[in-house]
Amino acid sequence: MEVMKIDTEFITLGQLLKMSNCISSGGMAKWYLEEHTVYVNGEVDRRRGKKLYDGDIVNIPGAGKFKISASSDGQSDVH
């Protein structure tokens with residue numbers, strides 16, 4: 001499982017898809033979620049605006065499993 005460190009309170013599912021290189025632009029999130037099954041905390045979710053918080057687990061079959069982690073030092077490891 002890969003840890004996605006964030007320096008904000010939350011990120012959206014669409015932002016995670018872009019950060020994990022599943023899509024190349026934010027505009028592709030809607031299409032991706034219509035064509036692929038994505039699990040948030042074990043449940044299917046197709047909302048690109050779904051807010052992901054510290055501790056949430058996102059499973060993207062074929063791309064990996066990601067745990068959201070709020071960065072304690074205010075720095076994000078994801079660009």
Enquirer: Report all side-chain donor-acceptor pairs from residues 28-42 shorter than 3.5 Å, counting only partners two or more places apart or in another chain.
Expert:
| residue | atom | partner | partner atom | Å |
| --- | --- | --- | --- | --- |
| His36 | ND1 | Tyr32 | O | 3.2 |
| Asn41 | OD1 | Ile57 | N | 2.9 |
| Asn41 | ND2 | Asp56 | OD1 | 3.0 |

Enquirer: Could you pull out the closest heavy-atom pair between Cys22 and Ile60, with the gap in Å?
Expert: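 Heavy atoms of Cys22 and Ile60 come nearest at SG-CG2, 3.9 Å.
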
Enquirer: If you take all heavy atoms of Leu52 and Ile6, which pair is closest and at what distance?
Expert: O-CD1, 4.4 Å

Enquirer: If you measure from NZ on Lys67 to CE on Met1, what distance do you get to the nearest 0.5 Å?
Expert: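 Interatomic distance, Lys67 NZ to Met1 CE, rounded to 0.5 Å: 7.0 Å.
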
Enquirer: Quick one: salt bridge (Lys or Arg N to Asp or Glu O under 4.0 Å) pairs with a partner in residues 40-53, sequence neighbours left out?
Expert: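 Applying salt bridge (Lys or Arg N to Asp or Glu O under 4.0 Å) to every pair that reaches into residues 40-53, excluding sequence neighbours, yields Asp45-Arg47.
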
Enquirer: Considering residues at least two apart in sequence or located in another chain, which fulfil the side chain to side chain donor-acceptor pair (under 3.5 Å) criterion with Ser69?
Expert: none

Enquirer: Locate the shortest heavy-atom distance separating Met4 from Leu16; write the atom from each residue and the value.
Expert: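 So the minimum-distance heavy-atom pair works out to CG-CD1, 3.7 Å.
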
Enquirer: To the nearest 0.5 angstrom, please state how far the CD atom of Glu2 sits from the CE atom of Met19.
Expert: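 Atom-to-atom, Glu2:CD and Met19:CE are 9.0 Å apart.
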
Enquirer: Applying side-chain contact (heavy atoms from CB on, under 4.5 Å) to Tyr53 and Glu9, what does each step give before you reach the verdict?
Expert: CA-CA 7 Å; Tyr53 296 93; Glu9 180 183 359; 3.9 Å; yes

